[in-house]
2 protein chains.
Amino acid sequence: MTATQDQKLGAADIAALVRREISKGNLQLHDRLPPERVLAETYGAARGTIRKALTRLEQEGYVEIRAGSGTYVAHKPDRSTTDAIENATPLELMDTRFALEPHVCRLAVLHGRHTDFDRMEELCTRMEACTEDPVAFSEADTEFHRALADSTRNGLLIWIIDQIGNVRSEDDWTRMRHLTLDAQTIRTYNVQHRQIMNAIRTREPERAANIMKEHLETARLSLTRASET
Amino acid sequence: MTATQDQKLGAADIAALVRREISKGNLQLHDRLPPERVLAETYGAARGTIRKALTRLEQEGYVEIRAGSGTYVAHKPDRSTTDAIENATPLELMDTRFALEPHVCRLAVLHGRHTDFDRMEELCTRMEACTEDPVAFSEADTEFHRALADSTRNGLLIWIIDQIGNVRSEDDWTRMRHLTLDAQTIRTYNVQHRQIMNAIRTREPERAANIMKEHLETARLSLTRASET
DNA sequence: TCATTTTGGTATATTTTTGGACTATTCGAG
DNA sequence: CTCGAATAGTCCAAAAATATACCAAAATGA
């Protein structure tokens, strides 16, 4: 498709091409781009031209030129990706889960299979053995919600839920969350998880979604309760 | 184009290859990668080169090198944003919107401001002038749903909706979608958009959410109708 | 337990690659 | 024509890659 026009490409053009490749992500951070002599051939330009282009890109901060070594990408493609997720506040996260997970329950009823449900109930059992261990419970809980997402067979949803789960596990406020996870709260969660499973097994999408809403409401309450202390 | 040239690969190149394998998930956590001497042969490089690459990856935290034992992956697969989103099917996308957007409406009622609503109604007006121009309508429509997300003030949700919007505009099946966008369908959408706006303005979260569900159901119908032809 | 093998760690001399610098020439638009 | 840009060629020094050898820690198996 990219009919390499054997038109004459100036230094500015080549700089633009490489800049675009970097922004696009085809060339990632730390990647080494081909030697000047090779670039000269592939772009059909003289080495001096390539050199001008690269020098310019270096001044712009897109690449780093190391003598005797090579030219390396020194620019992160697009930071918006991780930023939005990593900078999300606990409340933003809760709202997002509120949007996603009830519907995930409905889809689980539609697309889930027995093996999915078996796995989820296995996780329920594991969580029920963790009433005294908030950390272990939290891990199993994340896995449970991930397994629920898996059962939808929707790659996009699975990915989103997975991302949210990663934030939950990484952040500082996870510790805070563990503080709120007393044995009583864990027992409440466990009951709700079982109820959700039952509703999914009996193919009642709306009931499953509603219990999930309750579940998330419970979680939100303990969250706000924790942030008040 | 991905012709693995048996050209000489530098340490930086090899590091990049392995880094990608890990980010991609082909090499998972705790996996042991082949001995340096084997890697040297498979990559057609000297052992010293491999070693430099691995040392670098260790400093970056991608692998852990244990003397006498081997080199092990020590990094979770990268959240590859684009893959999950770009490979999403139209139906997966619809299901995800079904999960998100009704709740977005509820949050818009809670957190939205007048200026947000003004902007959305401006977009409504723009869409109503596009009954004969599917492409222009589609653009405005994406902007509308994006503006709706903006009004939630939830950075995470905004980002997700934004990503989904990008897919909608890029893909091939967008063309197909344009085929289904006859003047009648567009008029239906416009009515629904106005209804959603009214419900939000009058602070009726559930009503807004329900109309959004209807709206998405309409969209899903025209989608399945299109895929049957 | 103990010997063997495997694997990473280190060192070094040598060759190849790569960017840096300089120059004379060619090309094209104003 | 002139001037700026691109070209083509050369040489240099730094960096990287190679090839080889030997060591020590870990894994393996009898």
Side-chain angles (χ1 to χ4, degrees), chain A residues 3-22 26-75, chain B residues 3-22 26-75:
Chain A
T4 33
Q5 19 181 348
D6 38 351
Q7 289 287 345
K8 328 163 188 180
L9 293 174
D13 303 310
I14 294 170
L17 287 176
V18 176
R19 203 184 296 113
R20 198 177 158 198
E21 287 298 304
I22 293 174
N26 289 1
L27 288 172
Q28 293 185 355
L29 192 66
H30 296 145
D31 279 6
R32 192 186 72 172
L33 36 94
E36 292 175 352
R37 292 166 174 92
V38 175
L39 286 175
E41 194 176 353
T42 57
Y43 282 116
R47 199 184 146 208
T49 310
I50 301 292
R51 170 159 274 274
K52 274 191 181 177
L54 293 182
T55 305
R56 185 162 170 181
L57 286 177
E58 185 182 36
Q59 288 168 343
E60 293 175 13
Y62 278 90
V63 300
E64 179 191 350
I65 305 179
R66 285 204 283 270
S69 173
T71 307
Y72 299 83
V73 176
H75 193 79
Chain B
T4 35
Q5 17 181 346
D6 45 345
Q7 288 294 336
K8 317 163 187 182
L9 295 172
D13 302 312
I14 294 169
L17 287 176
V18 177
R19 205 185 292 114
R20 279 185 161 79
E21 288 297 304
I22 294 174
N26 291 1
L27 287 172
Q28 292 189 350
L29 196 64
H30 299 141
D31 279 3
R32 194 187 82 171
L33 35 94
E36 292 174 352
R37 292 165 174 90
V38 176
L39 286 175
E41 194 176 356
T42 58
Y43 282 116
R47 198 184 145 210
T49 310
I50 301 291
R51 169 157 274 273
K52 274 192 181 176
L54 293 182
T55 305
R56 179 122 185 223
L57 287 176
E58 185 182 37
Q59 288 169 342
E60 293 176 14
Y62 279 90
V63 300
E64 180 192 350
I65 304 179
R66 285 203 283 269
S69 174
T71 306
Y72 300 83
V73 176
H75 196 75

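Letters A, B, ... mirror the listed sequences (proteins, then strands); counts begin at 1. Quick note: numbers below take in every heavy atom, side chains included, and nothing from hydrogens, waters or symmetry partners.
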Next item on the list: Return the minimal non-hydrogen interatomic distance between A:L54 and A:E36, and the atom names on each side.
Entry: CD1-CG, 3.8 Å
Notebook entry, point to check: Can B:V73 and B:Q28 be said to form a side chain to side chain contact (heavy atoms under 4.5 Å, CB included), step by step?
Noted result: CA-CA 6 Å; B:V73 176; B:Q28 292 189 350; over 6 Å; no
Notebook entry, point to check: Can you tell me if B:R32 uses its side chain to pair, donor with acceptor, with the backbone of B:S69 under 3.5 Å?
Noted result: yes
Notebook entry, point to check: Can you tell me how far C1' of D:dA14 sits from CZ of A:R66, to the nearest Å?
Noted result: 13 Å
Check: Taking the side chain from A:E64 and the backbone from A:A74, do they hold a donor-acceptor pair closer than 3.5 Å?
Finding: no
Check: Whole-Å distance between D:dT18 P and B:Y43 OH?
Finding: 14 Å
Checklist line | Proximity to DNA chain C (any heavy atom under 4.0 Å), residues of residues 47-60 of chain B only | finding: B:R47, B:R51
Next item on the list: Count the heavy atoms belonging to other residues, nucleotides or ligands that lie under 6.0 Å from CZ of A:R56, then report whether that count exceeds 12.
Entry: no
Next item on the list: Inspect the surroundings of CZ in A:R20 and state if more than 12 heavy atoms from other residues, nucleotides or ligands are less than 6.0 Å away.
Entry: no
Next item on the list: Check DNA chain D against residues 27-38 of chain B and give the residues with a non-hydrogen atom under 4.0 Å, in numerical order.
Entry: none
Notebook entry, point to check: What's the shortest heavy-atom distance between B:A53 and B:A15, and which atoms?
Noted result: CB-N, 3.8 Å
Margin query: Measure OH/B:Y72 against P/C:dT6 and give the value in whole Å, please.
Written below: 15 Å
Notebook entry, point to check: Within this structure, what is the CG-to-P distance between B:D13 and D:dA16, rounded to whole angstrom?
Noted result: 13 Å
Next item on the list: With sequence neighbours excluded, tell me which residues meet ring pair (Phe, Tyr, Trp, His ring centres under 6.0 Å) with A:Y72.
Entry: none
Notebook entry, point to check: Any side-chain N or O of B:S69 under 4.0 Å from OP1/OP2 of C:dT7?
Noted result: no
Next item on the list: Whole angstrom is fine here: how far is it from CD1 in A:I14 over to C1' in D:dA5?
Entry: 12 Å
